[in-house]
Structures are given as C-alpha cells and as structure tokens.
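As the structure lists them, so they are numbered: ligands from 1, and atoms in each ligand from 1. Throughout, residue positions are numbered sequentially from 1 according to the sequence presented.
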Amino acid sequence: MKIVSAPDYQSMSRKAANIISAQVILFPHSVLGLATGSTPLGVYNQLIEWYKKGDLDFASVRSVNLDEYCGLSPKHDQSYRFYMDENFFSHVNIPMENTNVPNGLADDVEAECRRYDSVISGLGGIDLQLLGIGHTGHIGFNEPDEDFDKMTHCVKLKQKTIEANSRFFSSMDEVPKYAVTMGIKAIMQAKKLLLVANGESKAEILYRSLFGPITPAVPASILQLHNDLTVVADDDALAVIREKCPTAIG
Ligand code: PGA
C-alpha cells in the first residue's frame, strides 16, 4: 500500500488524475474502473482539462462503473449513468459504447448482475479501479457486514447511506433503497486500485480501513490485502493516520 498525501482537495485530485493519466498514456486500451460520488469529481475535471489540452486520448479506453441505483433510469439526474455522462464521458473522446454502468432498470436484477460480471471478464478485467470511501467504510455500495467473496450483486442500502444520499433528492422517499454494485471480490480482482479521500469526516474511517482489523464490518479494510493499492488523500482525511501511524505516509 502506498499513501500519497496532498495539502487540499485540488491537489489530491491532480495527483490521482496523474496516476490515471499515466495508465492511459502507457496503456491506451486500458479498462478503467470508475466511481461516482463527490470525491472523484475533481479527478474527472482534471482529466477533462488535460484531454482538452491534447495531453490525453480516451479513444481506446474502456470503462466499467462500480454501481448504479435500482429503479433509476439512465436519464434520471441522480442515476450514476447520468453522473458519468455529465461529469466525464461527454467531455472526453471515450466512445459511449466503450462505457459500462449497471442497468438500474433491469427487470431481472440477478441476470443483470451476471451480465455485468461477464462484461468485466470479457474486457479482460479491470486495469485500474478508482474508488471513493463512504463514511461506513463502504466501497462501491458494499455496505458493512457483506461477504467479501461477492461479485456483482444487488444490495439493500444502509440507513446511513440513504441519509447521506438524501441530499441529492427532494425527499427521503425518493432516495433509492437498493443498488447493483460490483462486489468486493470483483473490486479486489482489479489489477491496480486507486482510493481517493478528502475531508476530516473521512479521517477516522480511512484509518480504520487501512490500519484496523480486516473485517466485513469495515468493507474497505479488505483493501489492505490488495497488492497494488494507492491511496491519495488530503491532509484532513489523513489526520488520524498521521497521528497514529506517522511513518505510513509516503
Ligand atoms: P463521496 O462518497 O465521495 O460523496 O463522499 C464516497 C462513497 O460513498 O463511496
């Protein structure tokens, strides 16, 4: 595990975008695993800026997203397909047919999960998976106490996650209660992992995830077992790690 510190959100975003850029420059046909949420927005903005300058080319890149809400159409402004189109895909030259997000409207959710796993394996697996981390330690929508050995599956969201997401919906009732997510096993199969975190509200969970016991109670704790994990975090998110494990930060 490598922990890279950044003074602030913008710097965190640039450093993480640099790692993704290197991947795309060295391996133009890379399969990128992508994430939604507020944390990666700065990474996407930076990649877009470099693409517009002519420094990056996404023409041969393929992507798979971690998750999608059940019941939201791709056109719903809170769906993760909409987020990706709005915040990244439509601003760069990745062919839309190269982009994959689970179908939140599938009638047969189990079949959709199996389809998504076969999309990932058909692409030869994920070269670099970008991850955010939830306050519960969730990655993707893998909530605490889920088995570590799941591939793509449907999850019932925890109340804390529903509440955190409710800021994006006009009422609590509208917040989806289920989602399709790549499982921990699928995430751990990615060749490289890049976790981004910012803000003091992530400091405790980041410490518990990276230095606490490996347990399904903290889904992100499994990342300690990945052999190519890079964490890029700002100083606020690294506050507890800096205090308890000062030598861990590179
Ligand atoms: P956030 O979400 O980036 O909006 O904090 C992270 C996550 O839930 O994975």
**Request:** Go through the steps for E112 and R115 under the test salt bridge (Lys or Arg N to Asp or Glu O under 4.0 Å), then give the verdict.
**Result:** CA-CA 5 Å; E112 172 59 12; R115 183 194 72 82; 2.8 Å; yes
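Checking D57 against N93 by side-chain atom types alone, a donor-acceptor pair falls below 3.5 Å.
The aromatic rings of F169 and Y69 lie perpendicular to each other, with more than 60° between the two planes, well past the 30° mark.
Note on residues 229-250: pairs passing side-chain hydrogen bond (donor to acceptor under 3.5 Å, both in side chains), not counting sequence neighbours, are D235-R242.
Among protein residues, G37, S38, T39, G132, I133, G134, H138, R167, K202 come within 4.0 Å of ligand 1, judged on heavy atoms.
Counted within 6.0 Å of NZ on K185, heavy atoms from surrounding residues, nucleotides or ligands total 12 or fewer; the atom is thus considered open.
Less than 6.0 angstrom separates the ring centroid of F88 from the ring centroid of F58.
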